[in-house]
Every structure is written in structure tokens, then in C-alpha cells.
Amino acid sequence: MGRTSEMSAHWGTYRVEVSADGRDVVAARPYPDDPDAAPAIGNVASAHGHRSRVARPAVRRRWLERGPGPDDRRGAPDDEYVEVGWDTALDLLAGELARVRSMFGNRAIFGGSYGWGSAGRLHHAQSQLHRFLNTIGGYTRSVNDYSRGASMVLLPHLIGAPATVDLRVKPVSWNDIAEHTDLLVSFGGLRRSNTWVVPGGHARHAGSGLAREAGRSTEVVVLSAQRDDVFADLGAEWIGVMPATDTAVILALIHVLVTDGLADEEFLATYTVGAERVRRYVLGDVDGVPKTPEWAERISRTPAGVIRGLAHRMAAGRTLVNVVYALQRGERAEQPVFAALTLAAFLGQIGLPGGGFTHGFGSMGDYGVGIAGPPLPTFPQGRNPVPDFIPCARISDLLLHPGEEIPYNGGRLRLPEVKLAYWAGGNPFHHHQDLRRLRRALSRLDTFVVHETHWTPTARHADVVLPVASTLERDDLAAGAGDTRLRAVPRAVPPHGEAREEFWIYTRLAERLGADFAEGLDSRQWLERIYEEWRVAPGSPPAPPFDGREGGVALPREPHPDRAFEAFRADPAEHPLGTPTGRIELFSETLAGFGLPDIAGHAQWREPAQWWGSRLAAEFDLHLLCNQPSHRLHSQLDMGAASQSTKVAGREPLRLHPADAAARGLADCDVALVRSAQGSLLAGVVVTDALLRGVAQMHTGAWFDPSAPDVADCVNGNVNVLTRDAGTSTLTQATSGAHVLVAVSRYEGPLPPVRAYEPPRLGS
């Protein structure tokens with residue numbers, strides 16, 4: 001008889017069953033009292049001991065024999081790795097770090113741009129990597145994120161930095177919506193699957209239940225290209241909008257408010273600046289084009305009468321305008337966020353209970369829980385003395401164009417020359433776009449170092465691969481924002497093969513480089529230290545001394561004392577926003593003053609390259625939406641049972657409208673070749689009427705498989721071989737990977753096997 005242990009991940013807390021000898025995970029199960037457990041739990045047992053686990057330190061043979069330097073064959077499917085002992089691997093890596101630092105300086109080291117690898121408070125891969133690099137003199141870093149990178153740059157210009165933070169940490173709650181909101185209008189879907197994911201994880205999933213209660217008293221309208229892009233229990237009304245055209249619809253809604261006398265003029269005069277400029281723009285005084293519902297219908301295919309009616313409904317009661325993260329992940333995609341904030345201002349309800357503007361409902365699970373939790377334990381990262389940085393979505397630019405400048409947030413960034421990239425806890429082959437270009441960029445490095453549990457696509461492009469213990473193989477603490485409990489999560493099983501905790505790796509690397517990573521403590525002692533420092537800090541709840549055993553500390557369930565914009569609404573003179581005027585800037589003199597070619601001082605419709613009405617659509621005639629998966633987090637554990645259960649013909653599914661499928665001679669379970677201007681992939685076909693005609697959909701996160709380049713760039717369905725590596729704008733330089741124009745046809749040739757989950761050739 002084995003035992004069970006509590007585990008926690010970004011998708012929640014669950015229990016694992018361990019074999020009688022204590023070495024293997026035989027099952028993973030949600031808690032019976034979790035009202036909406038994540039299906040990703042079903043990946044854990046099958047993935048834990050999978051053949052793709054990295055068992056020993058491994059060095060790419062060409063790097064080992066030829067030495068550091070650019071290599072066009074980095075990431076080749078037939079590349080061979082040599083397994084070595086830990087001392088050899090650490091000596092090699094320490095020597096290479098020392099070489100790069102002495103010859104080029106610490107700015108030539110890039111410290112992994114992104115990481116969702118662990119939900120732990122101590123064993124958070126990105127935090128540990130950054131602490132290590134700081135102890136040896138720093139590194140070139142990344143800023144912002146792939147989730148909301150455009151909004152993080154845009155919104156501080158419109159509402160100030162503090163209010164931008166408030167929108168993330170103090171949004172209205174589902175309880176507020178249930179009590180006060182007559183109409184919730186969401187641009188983009190309110191997806192149940194996104195509520196399963198919280199940075200740090202949650203003890204139990206409350207979001208869908210709270211949303212269900214709100215749906216009983218609040219009318220919900222979702223504008224999206226997918227009818228099923230919303231909680232089924234909300235009973236939402238669906239209004240179809242073609243991708244990348246939401247801004248036109250929002251501007252038309254504002255036009256109706258203006259022309260029909262429904263705008264809140266008192267609010268606009270008191271709380272905003274620039275409303276008159278917006279008014280002139282939507283009326284067509286600026287460019288001769290009134291932004292009427294009929295104009296918007298020609299762009300969005302959303303009926304003019306529906307737009308006009310929605311504007312009147314929004315003005316008739318308490319309305320909350322929501323924009324999901326996905327809308328700002330595209331070319332010119334700051335504009336729907338800018339326009340939706342402007343729409344909410346013209347309605348005049350910003351700062352009222354349950355009304356106004358919010359950004360992110362339907363994007364992550366801590367939105368809407370309404371809890372002001374205490375600070376949580378953290379592992380200190382130290383200070384980075386290197387000033388160089390990039391927006392995280394510009395990693396390929398960094399490596400391909402050292403020394404060049406890119407525009408960013410009204411200034412210019414000079415790209416340093418990076419020789420070594422060190423990645424831990426993330427997979428750029430999931431987050432980044434145009435994988436052909438990314439592979440060319442990685443080939444320019446002297447050395448690419450990756451910490452991994454499995455032979456992911458990122459690991460298979462690395463020169464040095466160090467096996468690290470998984471979440472199940474180390475002691476930690478876990479909790480997320482708005483959580484009910486800080487959990488102690490003891491190790492369930494010993495590390496796989498020769499895997500080690502990253503703390504152990506960095507401690508020994510730092511010693512070889514004459515630095516101090518651990519401060520004389522081991523990981524268990526550090527775990528106790530961050531817990532005890534948290535326990536005695538002001539604002540922490542009563543908590544027993546640390547013992548490391550399974551269990552936890554109840555966290556306060558106090559609701560937020562205020563919400564975003566509430567104090568500003570009550571007294572804008574006493575509580576001004578952090579903008580130059582102290583008010584909501586519907587026209588920003590700062591943005592206008594930047595003189596950028598693709599951003600004006602107010603929200604605008606500007607035709608993007610990737611939309612159904614563009615010239616490119618003559619060849620690539622379907623608009624592919626690339627959203628987050630339901631049965632895994634990003635690309636994590638794609639080889640697991642839950643993720644594999646969603647595959648069609650052994651690869652990632654492609655959803656098509658029945659008319660689009662019939663026009664191409666495709667049916668359910670066929671294999672399709674999907675092409676864009678950037679690349680190609682194979683996918684399994686699913687036919688559904690949940691999409692608008694002309695729209696296709698795939699999930700992100702399938703492991704990149706370039707093993708049959710004569711067939712397609714990826715035979716496993718990784719959408720990032722299709723997406724464009726272009727910034728949203730010269731202002732934000734964020735990702736534009738949420739959608740892309742594609743051509744789809746039946747694949748007629750011999751079907752190549754999927755090799756994504758196989759380890760590389762290993763020698764000695």
C-alpha cells in the first residue's frame with residue numbers, strides 16, 4: 001500500500017498517490033471538495049516518469065567538441081548529446097560563464113525571459129535564476145510579459161501606473177457584479193478554462209462558481225469570434241465579431257452614445273481629458289469617416305442594428321466593460337484596450353460599484369475572487385547592476401540584431417550583444433512567435449543553457465541541459481493571490497535519475513565562480529527562513545512555527561477595502577490618477593508627443609495586416625485564433641494523458657466552421673496542412689459551428705516537432721510556426737501572436753510520426 005501527498009501547481013492543489021516503495025507517482029487526483037478542478041491534473045502521473053525526462057546532465061556533442069560559438073545546427077532533430085557527471089557539467093558551465101563575463105561583460109548574459117515552471121514560493125525557477133545571475137554580476141533582463149505586455153505599457157499613459165496595478169490586483173469582484181451590475185459586456189471570451197490557472201495556484205477553484213452566481217442576476221454579452229468562448233453557465237448572449245476588428249465595433253458604440261445623446265457629459269468634463277477630440281474623431285470630423293455602426297459592420301461583420309442596440313442597452317443601466325488579455329496580443333492591439341476604456345468613460349460609470357472598466361476577467365483565475373490577501377513568502381533575488389533590458393517578446397530581435405536600436409515606450413532601446421542565454425522554468429517555443437526566426441536567433445548564441453525536467457523543444461536547442469527536480473520532488477510552500485491557504489508541500493518522491501534541485505545547482509555554480517548564492521543555508525533552511533520572515537511580518541495571519549510537514553495556514557478572506565478608481569471617483573482632486581493631468585486621458589499629449597507612426601493620442605481604427613479584409617487574405621483566407629489550451633498549462637506536460645486525450649489524429653486539433661471545412665474537402669479527424677507566411681504545420685480537423693465562418697482556431701502549447709521538414713515546419717501542431725514575430729506597435733513591442741492569417745488544405749501524403757516527446761540521441 002502506498003501513500004498520498006498534497007501537491008500544488010499553477011493549475012491548483014491536488015493529491016498524488018505514491019507507489020508502495022515510495023519512488024513512483026501512480027495517480028493524481030483532484031480534491032473532492034474542489035468545485036472546479038483543472039483537467040491538467042490528469043497529466044501529472046503519466047508525465048512524471050515519462051521517457052522524455054532528463055535523467056543526467058547532458059552536453060550537445062558539437063558544442064563539447066567544437067567549443068562555444070554560433071551553430072546553425074543547434075536544435076537539429078538528429079543532434080546528439082553526451083551525458084556527463086555533475087562535476088563535469090558544472091565545471092564546463094562555470095568556465096563558460098567566466099569566459100563570457102571576462103571577455104564581454106555581464107550584459108552579454110541573457111537571463112531567461114519567462115518562466116511558469118513552478119508554483120512554489122522558494123523553488124520558483126525564474127526567481128532562482130535571477131538571484132544566481134545577480135550574485136555573479138548581473139545580466140540583461142526582460143520586462144513586461146507575454147500575457148498583457150501591450151496593456152502594461154499603454155495603460156499607465158491613460159490612467160497612471162497605480163491605477164494600472166489596481167486593475168490587476170483590485171478589480172471588481174464577481175460578487176460586486178452579482179450585486180450591482182445590470183450588464184457585463186466582454187470583448188473577448190470569458191473562458192472557464194482560464195479560471196483554473198493562477199500564478200502560484202489556488203487551494204480550491206472558486207472563480208467559476210462565483211461567475212455562475214453573477215450570471216443569475218446580471219445580463220452578460222460576449223463579443224467574440226467563438227460562440228463557446230464563455231462559461232456555459234453564464235447564459236451569455238453571443239455577438240460575433242471577426243478577429244482584429246473589435247476596435248471598430250467599440251468606436252461605433254461610442255458614435256451611438258454621442259449622436260443619440262447618451263454620453264455622460266458631466267463625467268467626461270470632471271474625470272477625463274480629451275473627450276472632445278474623441279468625439280470629433282468618431283463623428284468623422286478628423287478624417288471624413290464617421291465611425292457609424294454601418295461603417296463598423298463593413299469591417300467587423302457585426303450587424304449595425306446589433307451594435308446600435310447594444311449601445312442603448314449599455315447606457316440604460318449599470319454596465320461593466322471588460323477586455324480580455326487576448327485582444328491586446330496582436331498587431332495594433334493596444335487599440336481595443338484604449339477604445340474600451342474610452343467607451344466606459346463615455347458611459348460615465350468608471351469607479352461606480354460593479355460598473356466602468358476592467359481588464360482581465362476571463363483571463364486568469366484570481367480575477368473576481370475579491371480577496372485582499374496578505375503578502376506571501378518570497379525568495380529574494382538581489383539587485384541586478386546591469387541596466388540593459390528588452391521587452392520579453394523581442395528575444396529574437398535581441399539575438400539577431402545586436403547593437404541596433406528599437407523604439408519602445410517613446411524612447412529607443414539599444415540591443416546589447418548577448419553571447420550566452422540561460423533559461424530556466426520556461427519554454428520560448430510555446431510563448432514566442434515565428435519559430436523559424438527564433439531558431440535562427442538561437443543559432444547566433446555562443447552558448448545556450450537550459451534547466452529542464454523533460455526534453456522539451458527548448459532543451460533540444462540547448463548546448464548544456466541540466467536535469468532539475470520537479471515540483472513533486474522537492475519541499476516547498478505554495479499560494480497564489482487571493483488564495484485561502486498557504487500550503488506546505490513536502491516532497492512526494494525522490495528526484496528522477498540524477499536530477500537536482502536548482503538551489504543545489506546554483507549553489508555549486510556560484511562557489512566555482514567565487515560568489516555566494518546560498519548564504520550558508522541549504523534549501524530546507526531557506527524554506528524555513530522565508531516562512532519565518534513572513535510569519536512575523538506585519539499583516540501576516542497567525543501562523544505556527546515552521547515544521548515543513550503537509551498542511552498549511554489559513555489566509556484572511558477579507559474583501560478588498562476598495563476597488564480600482566473608487567477613490568478617484570469619490571474625489572478626483574484629493575485622489576488624482578498618476579497621469580500628467582491627474583485624470584483619465586482619452587487623448588494623451590504624451591503619446592501624441594512621441595510622434596510614433598502607429599499610435600495616436602486617442603483610440604483609433606487602423607487597418608492591420610492580419611485581418612480578413614487585408615490584401616494578404618487573398619492567399620491566406622482563414623483567420624486563425626491561437627488561444628490557451630484547456631487540458632494543460634501553456635506547453636507543460638503536453639505528453640501527459642489529459643493533454644493527449646484532446647489530440648486528433650495524434651496532433652493538435654484545428655477547429656473549422658462546417659462551410660470552411662466543406663469548401664476544402666475536410667471532415668472530422670482528417671489531417672490538414674496549415675500554412676501562413678511564416679511557416680506550416682499538420683493538425684487534426686474538428687468541424688464545429690461554434691466559430692464564425694472564415695475563422696479557424698487552435699490551442700497553443702503543442703510541443704514543436706521539426707522532424708519532417710519536407711512535410712511541414714511542425715508535424716505536431718505548434719501554432720507558433722505560423723504566427724508573426726512582430727511587435728504590437730512601436731510603443732509597446734509586445735507579442736502579436738494571438739492570431740494569424742492562414743491557408744488550410746487536406747494533407748494527402750504519408751503521415752509522419754510525431755517525435756516531439758522522444759529524447760534526443762544520447763551518447764557518452
Check whether any side-chain heavy atom of F429 lies under 4.5 Å from a side-chain heavy atom of L438, and answer yes or no.
yes
For S46 against G42, the heavy-atom pair lying closest together
OG-O, 4.0 Å
Are side-chain heavy atoms of R101 and L513 found at a separation under 4.5 Å?
yes
Inspect the contact between E519 and R131 and indicate whether a charged nitrogen and a carboxylate oxygen are less than 4.0 angstrom apart.
yes
Would you name the heavy atoms of I136 and N106 that are closest together and state the gap between them?
O-ND2, 3.0 Å
Between W63 and T447, do the side chains contain an N or O donor and an N or O acceptor separated by less than 3.5 Å?
yes
Verdict with supporting geometry, H461 and W423, side-chain contact (heavy atoms from CB on, under 4.5 Å):
CA-CA 11 Å; H461 282 73; W423 225 278; over 6 Å; no
Can R204 be said to sit on top of Y31's aromatic six-ring, NZ or CZ under 6.0 Å from centre and within 45° of the ring axis?
yes
Are R512 and D91 within salt-bridge range, i.e. N to O under 4.0 Å?
yes
State whether E473 and R53 are salt-bridged, where the test is any N-O pair (Lys NZ or Arg NE/NH1/NH2 against Asp/Glu carboxylate O) under 4.0 Å.
yes
In terms of side-chain geometry, is the basic nitrogen of R62 or D71 positioned less than 4.0 Å from the acidic oxygen of its partner?
yes
Under 4.0 Å between a side-chain nitrogen and a carboxylate oxygen: does that hold for D446 and R99?
yes
Checking salt bridge (Lys or Arg N to Asp or Glu O under 4.0 Å) for the pair D87/R508: CA distance, chi angles, key distance, verdict?
CA-CA 9 Å; D87 283 340; R508 281 146 186 82; over 6 Å; no
Side chains of S8 and R487: is there a donor and an acceptor less than 3.5 Å apart?
yes
Hey, could you give me the CD/CE distance between Q628 and M364, rounded to the nearest 0.5 Å?
10.5 Å
With distance as the sole criterion, is a donor-acceptor pair present between the side chains of Y408 and N144 under 3.5 Å?
yes
Assess the residue pair S147 and R329 against the criterion (side-chain contact (heavy atoms from CB on, under 4.5 Å)); give the C-alpha distance rounded to whole Å, side-chain angles, the decisive distance to 0.1 Å, and a yes or no.
CA-CA 8 Å; S147 295; R329 298 181 193 138; 4.0 Å; yes
Between the side chains of R460 and D705, is the shortest nitrogen-to-carboxylate-oxygen separation below 4.0 Å, so that they form an ion pair?
no
Are side-chain heavy atoms of Q128 and H123 found at a separation under 4.5 Å?
yes
Rounded to the nearest 0.5 Å, how far does NE2 of H401 lie from CZ of R444?
8.0 Å
Are R107 and D388 within salt-bridge range, i.e. N to O under 4.0 Å?
yes
Would you say R56's side chain and G497's backbone share a donor-acceptor pair under 3.5 angstrom?
no
Does the side chain of M639 reach to within under 4.5 Å of the side chain of W703, using non-hydrogen atoms?
yes
Is any side-chain N of the basic residue among R414 and E404 closer than 4.0 Å to the acidic one's carboxylate O?
no
Check whether the side chains of Q381 and S127 place a donor and an acceptor atom closer than 3.5 Å, and report yes or no.
yes
Could you tell me whether R168 and D366 make a salt bridge, using a distance below 4.0 angstrom between a side-chain N and a carboxylate O?
yes
Taking the six-membered ring of W504, is NZ or CZ of R500 closer than 6.0 Å to its centre and within 45° of its axis?
yes
Can a donor-acceptor pair be found, under 3.5 Å and without considering hydrogens, that links the side chain of E533 to the backbone of I530?
no
Roughly how far apart are L637 CG and Y757 OH, rounded to 0.5 Å?
11.0 Å
Heavy atoms, side chains only, cut-off 4.5 Å: are H10 and W196 in contact?
no
Side chain S118, main chain A125, donor-acceptor under 3.5 Å:
no
Flag side-chain contact, heavy atom, 4.5 Å: P57 against Y81
no
Intermediate values then yes/no, side-chain contact (heavy atoms from CB on, under 4.5 Å), L415 and I390
CA-CA 8 Å; L415 303 174; I390 60 164; 3.8 Å; yes
Cationic N near anionic O, under 4.0 Å, E6 to R485
yes
Lys/Arg N to Asp/Glu carboxylate O, E532 vs R535, below 4.0 Å:
yes
Less than 4.0 angstrom from a charged side-chain N to a carboxylate O is my criterion; do D725 and R394 meet it?
yes
So with a 6.0 Å cut-off around CZ of R524, is the heavy-atom count from everything else above 12?
yes
Flag side-chain contact, heavy atom, 4.5 Å: Y139 against N384:
yes
Exercise: identify the closest heavy-atom pair between N716 and A702
O-CB, 3.6 Å
Any side-chain donor paired with an acceptor under 3.5 Å for H451 and Y422?
yes
Could you grab the distance from atom CG of L486 to atom CG of L555, nearest 0.5 Å is fine?
6.0 Å
Heavy-atom donor-acceptor pair, D476 side chain to V489 backbone, under 3.5 Å:
no
Within the distance-only criterion (no hydrogens, no angle test), does the side chain of S142 pair as donor or acceptor with the backbone N or O of P391 below 3.5 angstrom?
no
Mind checking whether L420 and L97 have side chains closer than 4.5 Å, heavy atoms only?
yes
Can any side-chain N or O of H634 pair as donor or acceptor with the backbone N or O of Q636 at less than 3.5 Å?
no
Search all heavy atoms of W86 against all heavy atoms of E498 and return the closest pair with its distance.
NE1-O, 2.8 Å
A quick test of your reading: do over 12 heavy atoms of other residues, nucleotides or ligands sit less than 6.0 Å from CG of D21?
yes
Looking only at side chains, do Y146 and Q433 share a donor and an acceptor under 3.5 Å apart?
no
Carboxylate-amine/guanidinium contact D79 R74, below 4.0 Å:
no
Result for side-chain hydrogen bond (donor to acceptor under 3.5 Å, both in side chains) between D638 and one of H454, H631, R632 points to R632
Could you tell me whether a side-chain N or O of T88 sits under 3.5 Å from a main-chain N or O of V84, the two making a donor and an acceptor?
no
Indicate the ring-plane relationship of Y506 and F517, choosing parallel, tilted or perpendicular according to the 30° and 60° boundaries.
tilted
Where is the tightest heavy-atom contact between E417 and P402, given as atom of each residue plus distance?
CA-CB, 3.7 Å
Do we see a donor-acceptor contact under 3.5 Å between the side chains of S643 and N43?
no
Take V44 and L472 through the side-chain contact (heavy atoms from CB on, under 4.5 Å) test and state the conclusion after the steps.
CA-CA 9 Å; V44 172; L472 280 66; 3.9 Å; yes
Between H496 (side chain only) and H48 (backbone N and O only), is there a donor and an acceptor less than 3.5 Å apart?
no
